[in-house]
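First up is the structure itself, then whatever we jot down about it.
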Amino acid sequence: MTIKLYNTATRSKKIFRPLHPPEVKFYVCGPTVYDYIHIGNARVFIVCDLIRRYLEYRGYRVKMVQNYTDIDDKMIRRAGEENISVSELAEHYIAAYRQDAEALKIRPPDYSPRATGYIPQIISLIGKLLAKGLAYPGGGDIYFDTSRFPPYGKLSSQDREELMAGARVEPGEKKKNPLDFALWKEEKPGEPAWESPWGRGRPGWHIECSAMSMHLLGDTLDIHAGGTDLIFPHHENEVAQSEGATGKPFSRYWIHIGYLNLDHQKMSKSLGNVLTVRHLLKRHNPYDLRFFMLSAHYRSPVNFSEMLLEQARRGRLRLQELVDNLGHALQTASTAMGKDKKSPVSSGLLDGARERFVAAMDDDFNTAGAVAVLFELAREVNLYLKQEYPYQREIVEDVLRFYREVNDVLDIIDFNSSLEMDQEIRRAIAAREEARKKGDWAVADRIREELLDRGILLEDTPHGVRWKRK
RNA sequence: GGCGACAUAGCCAAGUGGUAAGGCAGAGGACUGCAAAUCCUUUACCCCCGGUUCGAAUCCGGGUGUCGCCUCCA
């Protein structure tokens, strides 16, 4: 097993070696549940799910944790605007996230902790940092003292001095140093608060991830992932808190997923160009969205537009067609013994494709390369379907099995797209066949048109009529 | 200002030393009653200028351009 992955911490691609193979401890920074997730969020979650699936495909046992941030400034502000409690807001958007994720074929993680469910662990972690002199009280808040943690800035390759120069100092700050960040915030009127040894209050943003990941996965994770914008300060701060408290490496690998822009612009509330998954799924197929995401490398920034999605849709259709056609071929395939040695589809061809698929994916999850392999194989298989008849059941099944196998990882093809043959449609098709036999093209074409209007597309193959949803 | 990423055909996109995968769109052809699907053929001065090398899209230096982070944005 030689998967290579790019580690943000070392800025290089290295062979992946988890601490205790075959187990992989994988933590993903999940959504702040103050709104519906947008297409950019979706990219992160789709990619992380893909990484998990691929690691499992390669024999690892992945223990995956993805949190919900259900208490922070944005949550409080939003709840205030909607005039509901923070926990009501959280419940609503957690449920919404689950629906969206399921629609996008994102498998649920093994654990989905909420920050508010880990207050005791957070308090104990802060206590440890205070005891070690890495944190200090400022007013009723508790801050992490970045000056006491020399490696600060290592993950994001930032120099402390430079960071200091660029840092903004708010008036009325209770920090000693502009880079210090809040571990615990003193209670403010009307805001949720919990008891702690240093008064009522709530956790800062960064501490929750450290507390939850270490509690569920242990002091050292194998992989920690999130969007690139989390590198600094969020992940830098997590490293400081966690390694400061335990003295052990926090995560062996850091994976950061590139940004998704909308018409070359960052999505933002102020520009009013936020595209939610919910909105997109009304008009688009989830497989098309997934295929779009996976057609570029996860680290490169990608642009999103209706036109690009349409382009992706047509490409994906090629693979979908292939699988549909194979399903159709299976209906007439013979069970003749022994494979035709001269067949363009030999088991060697499939093994070769699998090898190249794995090689691409092993190389830092090169999904674009992996998909290309599927296209190349598709051409060979189409050639077989075109030239060899009757089809041999064993060959058709082998190919289908292969696509099913890789699709367990990528999930870009719908294997349940064939539908029940409706009585009425069956009759219309039979009537059309009758007309065609008589050479009555006008009637045949009219029936085809009528079915097309109803979304049924007919294809006259040399081996019988096929129909599918348009 | 600091840190970092990226620049490959009309479009999307792989490719880290040996004269450029794959997809979309386009053109031509085959198949078809016509379609659809499919197959075949076809489309690249790899941003610019230097350097290293027998040889560079790929390494090094410089430039230009786009973008991200440094503001609790995925």
Side-chain angles (χ1 to χ4, degrees), chain A residues 8 11 13 28-32 37-45 47-48 69 72-75 153 156-159 161-168 170 179 181-182 185 204-206 225-234 236-237 256-261 264-270 274 291-292 295-297 299-303 305 307-319 321-322 324-325 328 356 360 363 366-376 378-379 381-383 385-387 436 439-441 444-445 448-449 452 457-462 466 468 470:
Chain A
T8 307
R11 310 264 162 190
K13 221 190 277 184
V28 178
C29 285
T32 299
I37 58 163
H38 60 242
I39 185 71
N41 297 319
R43 183 183 190 196
V44 172
F45 302 132
V47 167
C48 288
T69 295
D72 82 333
D73 292 351
K74 292 196 300 285
M75 292 291 298
S156 52
S157 351
Q158 304 266 353
D159 182 74
E161 298 304 313
E162 295 297 341
L163 281 171
M164 296 275 274
R168 209 169 52 179
E170 297 286 343
L179 293 180
F181 53 93
K185 295 184 172 189
W205 174 36
H206 316 292
T228 45
D229 56 326
L230 294 181
I231 297 172
F232 191 90
H234 185 55
E236 191 70 61
N237 292 352
H256 291 97
I257 289 95
Y259 244 81
L260 181 144
N261 294 315
H264 303 285
Q265 279 185 310
K266 185 171 165 173
M267 267 184 275
S268 77
K269 292 266 156 54
S270 55
V274 175
F291 183 83
F292 172 83
S295 61
H297 187 85
R299 274 188 286 117
S300 22
V302 298
N303 194 34
S305 71
M307 195 201 80
L308 291 169
L309 185 58
E310 172 61 14
Q311 199 167 295
R313 187 187 73 81
R314 294 194 198 190
R316 190 193 77 81
L317 212 51
R318 197 172 159 74
L319 296 177
E321 288 281 355
L322 176 76
D324 291 347
N325 288 341
H328 183 250
R356 285 179 299 137
D363 185 12
N366 183 352
T367 50
V371 167
V373 172
L374 304 188
F375 277 111
E376 283 170 33
R379 190 171 54 234
V381 174
N382 277 325
L383 216 49
L385 292 177
K386 185 185 163 77
Q387 293 171 347
R436 287 183 73 215
D440 192 348
W441 310 124
D445 289 351
R448 186 167 62 189
E449 283 300 312
L452 191 62
L457 186 68
L458 295 189
E459 294 182 358
D460 300 324
T461 78
R466 287 195 50 203
K468 61 191 180 192
K470 197 182 156 216

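Naming: A, B, ... by sequence-line order, numbering from 1 per chain. No hydrogens, no waters, no symmetry mates; every other heavy atom, side chains included, goes into these values.
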Is the phosphate of [N], meaning OP1 or OP2, less than 4.0 Å from a side-chain N or O of [X]?
X	N	result
A:Arg379	B:C40	yes
A:Arg299	B:G4	no
A:Thr8	B:A5	no

Mind checking who B:A5 pairs with, Watson-Crick or G-U wobble, both distances under 3.5 Å?
B:U66

On RNA chain B, check which nucleotide each of A:Ile257 and A:Ser157 is closest to and give me the residue with the more 5' one.
A:Ser157

What about [X], does its side chain sit under 3.5 Å from the base of [N] through a donor-acceptor pair?
X	N	result
A:Arg448	B:C34	yes
A:Asp460	B:C34	yes
A:Gln158	B:C70	no
A:Asn366	B:G15	no
A:His297	B:A14	no
A:Lys266	B:C67	no

Pick base, sugar-phosphate or nothing for A:Asp445, based on heavy-atom distances below 4.0 Å to the nucleic acid.
base

Atom pair distance, as rounded to whole Å: [atom1] in [X] and [atom2] in [N]:
X	N	atom1	atom2	result
A:Arg11	B:A5	CZ	P	6 Å
A:Phe375	B:C39	CZ	P	11 Å
A:Met307	B:C24	CE	C1'	9 Å
A:Asp440	B:G33	CG	P	15 Å
A:Lys13	B:U16	NZ	C1'	8 Å
A:Arg316	B:G23	CZ	C1'	14 Å
A:Leu230	B:U71	CG	P	14 Å
A:Arg314	B:A36	CZ	P	13 Å

